[in-house]
Structures are given as C-alpha cells and as structure tokens.
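Here is the structure we will look at, set down as structure tokens.
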Amino acid sequence: MPILALPDVTLHYEIDGQGPPLMLIAGTASDSASWGPLVASLAQRFTVIRPDNRSTGRTRPLDAPLSLAHWAGDTLALARHLDLGPVALAGHSLGGMIALAMAAEAPEAVSRLALLASAPMVLARNAALFDLMLRLRAEGQPPDLWLRAFLPWLFHPRFFEAPGQLDAAIAQSLAYPHAQRPAEMRAQVAALGRADTAPLAATLRCPTLALLAADDLLIPPGAARAALAAIPDLRVEMIADSGHSLHWDAPQAVLAALIPFLTGDAP
C-alpha cells in the first residue's frame, strides 16, 4: 500500500488512473474510501490521489496531532512527494476546508479547487450535532445507534425510501475494517471546531468551483453562498435532490459538473 512517511505521521493514500493530477480529500469521519462512487469515472481522465487524513483510515498513528494546518500540510507534502506539478484539489465537507487551506498556503501547488458541500464557515448547530453523535457512540450504546441518528443528516430523503437500504448501509459501515474510532472522531471534531478558513477565502488565486447540495442540512446552501462570496474566481453550482453526501446521492450530477471544471471545458 502506498504511504508517505512524514515526521509525525505515516500517511496512507490510494492512487488510480492516469492523466492530470487530482487529489480528493475526505470529510469528517471519512477516509479515502468515501470517494468510491466517483473514483472509476475520474480515473479514466485523471491521476486520482486519495489520502487518508490524520485520525482516519490507515494513516498512523491514529492519535497524531490534529489541526487544519496539519491536514493541509500533509496534503501539500503528498503533492510535493509525488512531484506531479500543480494539482487540482477536490474536498468534501471538512476536506474542502483542508483543500482551501492548502490552496491559500501554497497557491503555486494548486491548479484548481473544487469544494463539495463545503464552505469557509463553522456552524454551532453542527458542533452540537457532532457532540450528540459522540455521546451516542459512548461505550455501552448499541454500535448502530449513532449511525441511525447521523445518516438522515447526510443523505437525501430518497435514500430512506428504498426498503432495506438504511440497514444495508449501516451493516456496511459497521463491517468496514478502517472505520474511525470514537476517540479519533472526537479529536477530529475538536480540530474542526478550531478551524477558521473564512479569512483565507479572499486570498485564493485559483479557479474555484463550489458544488452545493440543494437539500444539505449540514451546509445549508444559503449560508454557504454567503461564506463563499469572498472567493475571487468562484463558480457555484447546485446539485438537485441531494443531501450533504452529494457524491453518494447524485454521483452522475456531481461528475457532470466536476469534470468539465477540472478539464477547463466548463462554459
């Protein structure tokens, strides 16, 4: 498995396809596997790099120091290690904040930036929600309880209409061997709460695409548009019939917006 040894962490990443480099950065409580619905299509056009952020997946140690600067530094170090030149970044949720921070820190290393269900803001309601999820993950609680409470915040209502789909998704999540543990989720959420990317938005130099989910409960489109407005070279597109996990709810719509932006063919 490909890894990058850094001074305080060994970063695991996946790499697929051939073409211009594209790095996909996962969100809270997720890792490189979270990009599953998009990888095959993107790998037909791009060299797709998917790191496991600190505290997730197969990156070790799981209790490494966490901050937005650490996450952005890791992704920048990976881009330089692979020596692929300026790289396009796409980040989902927290991953978008990481990508934004990397683009602000090292503009010469980033060709384009795509923010999926992400904006330079931190909402108190989301902090309260994550606190509740962590309480539901406490020792002694049924392991599926927090997922049953959390998934309605992530997916479009349509997801829950298919018989058995919720139970199947929960079973798959519980069986995943690299799922984030409660302690690392708590540390990640705390670091997210300290992250402030709002001052960085106006400093971005690269073309930026924001893909917002029309039915996103975590990153409401109205608040997101206001937070994104400071980005100089910004294009905003709305993905219909999708919740926060828009790349799972509507992968084809996401690809239809994302690929032309990344290739420079968007109108």
Side-chain angles (χ1 to χ4, degrees), residues 1-40 42-116 118 176-181 183-185 187-192 194-195 197 200 204 206 247 258 262:
M1 65 179 184
I3 60 171
L4 171 61
L6 297 173
D8 60 349
V9 74
T10 300
L11 193 71
H12 170 86
Y13 63 95
E14 299 289 337
I15 188 163
D16 301 276
Q18 289 186 327
L22 169 64
M23 187 177 296
L24 305 179
I25 307 175
T28 304
S30 299
D31 61 24
S32 56
S34 68
W35 293 99
L38 306 186
V39 171
L42 291 174
Q44 294 176 17
R45 296 171 175 262
F46 306 98
T47 298
V48 180
I49 306 115
R50 295 174 290 143
D52 286 345
N53 300 329
R54 288 174 183 239
S55 83
T56 73
R58 283 167 278 182
T59 289
R60 295 292 184 271
L62 288 171
D63 61 351
L66 289 184
S67 69
L68 185 63
H70 283 110
W71 286 316
D74 292 344
T75 56
L76 178 58
L78 178 58
R80 288 174 172 167
H81 167 73
L82 294 174
D83 194 26
L84 297 174
V87 62
L89 301 179
H92 174 247
S93 195
L94 169 62
M97 298 174 70
I98 296 169
L100 193 156
M102 175 180 158
E105 177 185 348
E108 76 287 349
V110 179
S111 60
R112 290 175 177 267
L113 173 64
L115 306 175
L116 282 66
S118 185
Y176 181 53
H178 310 299
Q180 189 181 49
R181 302 180 307 185
E184 282 72 50
M185 182 178 174
Q188 189 181 48
V189 167
L192 170 61
R194 298 190 299 269
T197 53
L200 304 179
L204 293 180
C206 61
H247 50 316
L258 184 60
L262 295 172

- Note on the structure: Smallest heavy-atom separation, Ala64 atom then Val9 atom, equals CB-CG2, 4.3 Å
- Query: Hey, mind stepping through Leu84 and Ile49 against side chain to side chain contact (heavy atoms under 4.5 Å, CB included) and telling me if it holds?
  - Reply: CA-CA 11 Å; Leu84 297 174; Ile49 306 115; 3.8 Å; yes
- Query: Any sub-3.5 Å donor-acceptor pair from Gln188's side-chain atoms to Thr28's backbone N or O?
  - Reply: no
- Looking only at atom types and distance, does a side-chain atom of Ser118 sit under 3.5 Å from a main-chain N or O of Leu115, one as donor and one as acceptor? no
- Specify the closest pair of heavy atoms between Ser93 and Gly27, including all atoms of both residues, with the distance to one decimal. CB-CA, 4.3 Å
- Message: For Leu11 and Ile3: C-alpha separation, side-chain torsions, deciding distance, then whether side chain to side chain contact (heavy atoms under 4.5 Å, CB included) applies.
- Response: CA-CA 5 Å; Leu11 193 71; Ile3 60 171; over 6 Å; no
- Message: Applying side chain to side chain contact (heavy atoms under 4.5 Å, CB included) to Leu82 and Val87, what does each step give before you reach the verdict?
- Response: CA-CA 10 Å; Leu82 294 174; Val87 62; over 6 Å; no
- Residues Ala103 and Leu113: closest non-hydrogen pair is CB-CD2, 4.4 Å
- Which heavy atom of Ala101 sits nearest a heavy atom of Leu200, and at what distance? CA-CD1, 3.9 Å
- Task: Quick one: pull up CG in Asp52 and CG in Leu62 and give me the separation to the nearest 0.5 Å.
- Result: 10.0 Å
- Message: Quiz question: by atom type and distance under 3.5 Å, do the side chains of Gln180 and Ser55 form a donor-acceptor pair?
- Response: yes
- Message: How about CZ on Arg58, more than 12 heavy atoms from neighbouring residues, nucleotides or ligands closer than 6.0 Å, or not?
- Response: yes
- Item | Rounded distance (nearest 0.5 Å) linking atom CZ of Arg54 with atom CD1 of Ile98 | 10.5 Å
- Item | Distance, nearest 0.5 Å, that separates OG of Ser111 from CG of Leu262 | 8.0 Å
- Determine whether more than 12 heavy atoms belonging to other residues, nucleotides or ligands lie under 6.0 Å from atom CZ of Arg181. no
- Do any pairs count as a ring pair (Phe, Tyr, Trp, His ring centres under 6.0 Å) and have a residue in residues 45-86, sequence neighbours left out, and if so which ones? none
- Taking all atoms of both residues into account, what is the closest heavy-atom pair of Ala79 and Met102, and its distance? CB-CE, 4.0 Å
- Item | Value rounded to 0.5 Å, distance of CG in Leu78 from CD1 in Ile15 | 8.0 Å
- Message: Between Thr47 (side chain only) and Gly19 (backbone N and O only), is there a donor and an acceptor less than 3.5 Å apart?
- Response: yes
- Do you know the tightest heavy-atom contact between Leu258 and Ala114? CD1-CB, 3.6 Å
- Who pairs with His178 by ring pair (Phe, Tyr, Trp, His ring centres under 6.0 Å), at least two apart in sequence or on another chain? Tyr176
- Within the side chain of Thr59, is there an N or O that forms a donor-acceptor pair under 3.5 Å with the backbone of His12? yes
- Message: Once you measure the plane-to-plane angle for Trp35 and His247, does it fall in the parallel (<30°), tilted (30-60°) or perpendicular (>60°) bin?
- Response: tilted
- Item | From Asp8 atom CG to Asp74 atom CG, the distance as rounded to the nearest 0.5 Å | 7.0 Å
- Calculate, to the nearest 0.5 Å, the distance between atoms CG and CG belonging to Leu204 and Leu100 respectively. 4.5 Å
- Query: Going by heavy atoms in the side chains, are Leu24 and Leu42 under 4.5 Å from each other?
  - Reply: yes
- Item | Test: Asp16 and Arg50 ion pair at under 4.0 Å | yes
- Note on the structure: Residues passing the side chain to side chain contact (heavy atoms under 4.5 Å, CB included) test with Asp63, sequence neighbours excluded, are Pro61
- Between the side chain of Thr197 and the main-chain N/O of Met97, is any donor-acceptor distance below 3.5 Å? no
- Message: Less than 4.0 angstrom from a charged side-chain N to a carboxylate O is my criterion; do Glu108 and Arg80 meet it?
- Response: yes
- Message: Other residues, nucleotides and ligands only: do more than 12 of their heavy atoms fall within 6.0 Å of CD on Gln18?
- Response: no
